[in-house]
Amino acid sequence: MEVNPQPLRPTLWRTARVLANVTRLRLFAELLRQQPQTVLQLGESLALTQPVASQGLRGLEARGLLKARRVRRYVEYRIPNTEEAGALAELVDAFLKTLQNDARPIEKIIELATGFTHPTRIEVYRCLHTEPLSPAQLRPRLGISWPALSRHLIKLLRRGYVVVGESDGRYTIKPHPHSLGRALAGLALA
C-alpha cells in the first residue's frame with residue numbers, strides 16, 4: 001500500500017531546500033546503494049536515530065524524491081522510477097548521476113541546490129530568462145531592495161546559473177555545465 005498516493009507538485013525552492021541537507025543526502029545515497037529499506041535499517045546503516053532518519057526521509061518523500069510503501073508495521077523507502085517521478089524525472093536522474101559520479105557529490109548537490117532555495121531567486125532567474133537585464137532594470141520588476149537583489153544575483157552567479165556582461169553589467173542566464181544544475185534550472189523555468 002502506497003503511503004502517499006496523490007501526485008505531488010512540489011515547488012522548486014522547497015525541493016532545493018530539501019536537497020541542501022547533508023543528512024537527507026546521506027539517506028538518499030544509502031538508498032541508492034540498496035533499496036528498499038526501512039527507517040530502522042537506514043538509521044542503523046548511517047548511525048542516525050530513528051526520529052532523525054524518519055524526518056529526513058519524510059522530507060525527501062514530500063518533495064517526490066522518494067516513494068514510501070507500508071509493509072505491515074514498517075514503511076519501506078525507495079527511489080522512484082522515471083514514470084513515478086513524473087515532472088521530477090530529470091531531476092531524480094541528475095541527482096542519481098551526481099551521487100554516483102561526482103568526487104564530492106554531497107557538496108556538489110548542496111552547492112547547486114542552494115542556487116534555488118529562495119522563491120525570489122527563482123523569480124530573478126525567470127526574469128533573466130526573457131532577456132539580459134541590469135540590476136537597475138531588475139529591481140523594479142521584482143519590487144525588492146538593492147541589498148536583497150544583490151544577494152540573489154551573487155548567489156546565482158556563484159552557483160553558475162547566470163553570468164554578467166563585462167561591458168554592459170547586464171545579467172543573463174547560461175546553460176549550466178552540470179546535469180543537476182540544468183535539471184534545477186529547467187524546473188525554475190517550468
So, does Arg17 use its side chain to make a donor-acceptor pair with the main chain of Thr117 at under 3.5 Å?
-> yes

Verdict with supporting geometry, Leu66 and Leu27, side-chain contact (heavy atoms from CB on, under 4.5 Å) | CA-CA 10 Å; Leu66 289 182; Leu27 286 161; over 6 Å; no

Verify side-chain contact (heavy atoms from CB on, under 4.5 Å) between Leu25 and Phe95, making sure each step is shown before the conclusion.
-> CA-CA 10 Å; Leu25 294 176; Phe95 189 35; 3.4 Å; yes

Single-linkage hydrophobic cluster Leu153~Trp13, side-chain heavy atoms < 4.5 angstrom = yes

Arg159 vs Arg121 side-chain heavy atoms within contact, under 4.5 Å | no

Taking the inter-plane angle between the rings of Tyr161 and Tyr125 on a 0 to 90° scale, is it parallel (under 30°), tilted (30 to 60°) or perpendicular (over 60°)?
-> perpendicular

If you round to the nearest 0.5 Å, how far is CG of Leu133 from CG of Asp168?
-> 10.5 Å

Does one hydrophobic cluster hold both Leu189 and Leu12, with members joined at side-chain heavy-atom distances below 4.5 Å?
-> yes

Just jot down the side-chain hydrogen bond (donor to acceptor under 3.5 Å, both in side chains) partners of Gln41, sequence neighbours excluded, or say none.
-> Thr38

Can you find a pair of side-chain heavy atoms, one from Val92 and one from Thr82, that are under 4.5 Å apart?
-> no

Single-linkage hydrophobic cluster Leu40~Val52, side-chain heavy atoms < 4.5 angstrom | no

Do Leu96 and Leu42 belong to the same hydrophobic cluster, where Ile, Leu, Val, Met, Phe, Trp and Tyr are linked whenever their side-chain heavy atoms lie under 4.5 Å apart, directly or via other members?
-> yes

Cluster link Phe116 to Val22, ILVMFWY, side chain under 4.5 Å | yes

Report the distance from atom CD1 of Ile109 to atom CG of Leu112, rounding to the nearest 0.5 Å.
-> 8.5 Å

Residue pair His118 / Thr120: nearest heavy atoms and the distance that separates them = ND1-N, 3.0 Å

Please report the closest heavy-atom contact between Ala68 and Val75, naming both atoms and the distance.
-> CB-CG1, 3.7 Å

Distance col, row Leu180:CG vs Glu90:CD, nearest 0.5 angstrom, shows 9.5 Å

Any donor-acceptor N/O pair, Gln35 side chain to Leu32 backbone, under 3.5 Å | no

Atom of Ala183, atom of Leu91 and distance for their closest heavy-atom approach = CB-CA, 3.8 Å

What is the minimum heavy-atom distance between Gly64 and Pro80, and which atoms define it?
-> O-CG, 3.8 Å

Is there side-chain contact between Leu128 and Leu138, with at least one heavy-atom pair below 4.5 Å?
-> yes

Please report the shortest heavy-atom distance between Pro105 and Leu99, naming the atom on each side.
-> CB-CA, 3.7 Å

Residue pairs passing the salt bridge (Lys or Arg N to Asp or Glu O under 4.0 Å) test where at least one lies in residues 126-155, sequence neighbours excluded = Glu123-Arg126, Glu131-Arg141

What are the two closest non-hydrogen atoms of Val162 and Tyr171, and how far apart are they?
-> CG2-CD2, 4.0 Å

Step by step, work out the side-chain contact (heavy atoms from CB on, under 4.5 Å) result for His178 and Glu111.
-> CA-CA 11 Å; His178 196 281; Glu111 173 193 331; over 6 Å; no

Trace of the side-chain contact (heavy atoms from CB on, under 4.5 Å) decision for Thr15 with Leu65 | CA-CA 9 Å; Thr15 301; Leu65 299 168; 4.2 Å; yes

Do Leu184 and His176 have side chains that get closer than 4.5 Å, going by heavy atoms?
-> no

Working to the nearest 0.5 Å, report the span between OG1 of Thr98 and CD1 of Ile106.
-> 11.5 Å

Got a sec, which pairs hit salt bridge (Lys or Arg N to Asp or Glu O under 4.0 Å) with one end in residues 26-42, sequence neighbours left out?
-> Glu30-Arg33

Euclidean distance, Cys127 SG relative to Leu142 CG, rounded to 0.5 Å = 4.5 Å

The residue among Gln37, Glu61, Arg69, Lys67 that forms side-chain contact (heavy atoms from CB on, under 4.5 Å) with Tyr77 is Glu61

What distance do Ser134 atom OG and Gln137 atom CD have between them, rounded to the nearest 0.5 Å?
-> 3.5 Å

Hey, are the side chains of Leu31 and Leu57 touching, using non-hydrogen atoms and a 4.5 Å cut-off?
-> yes

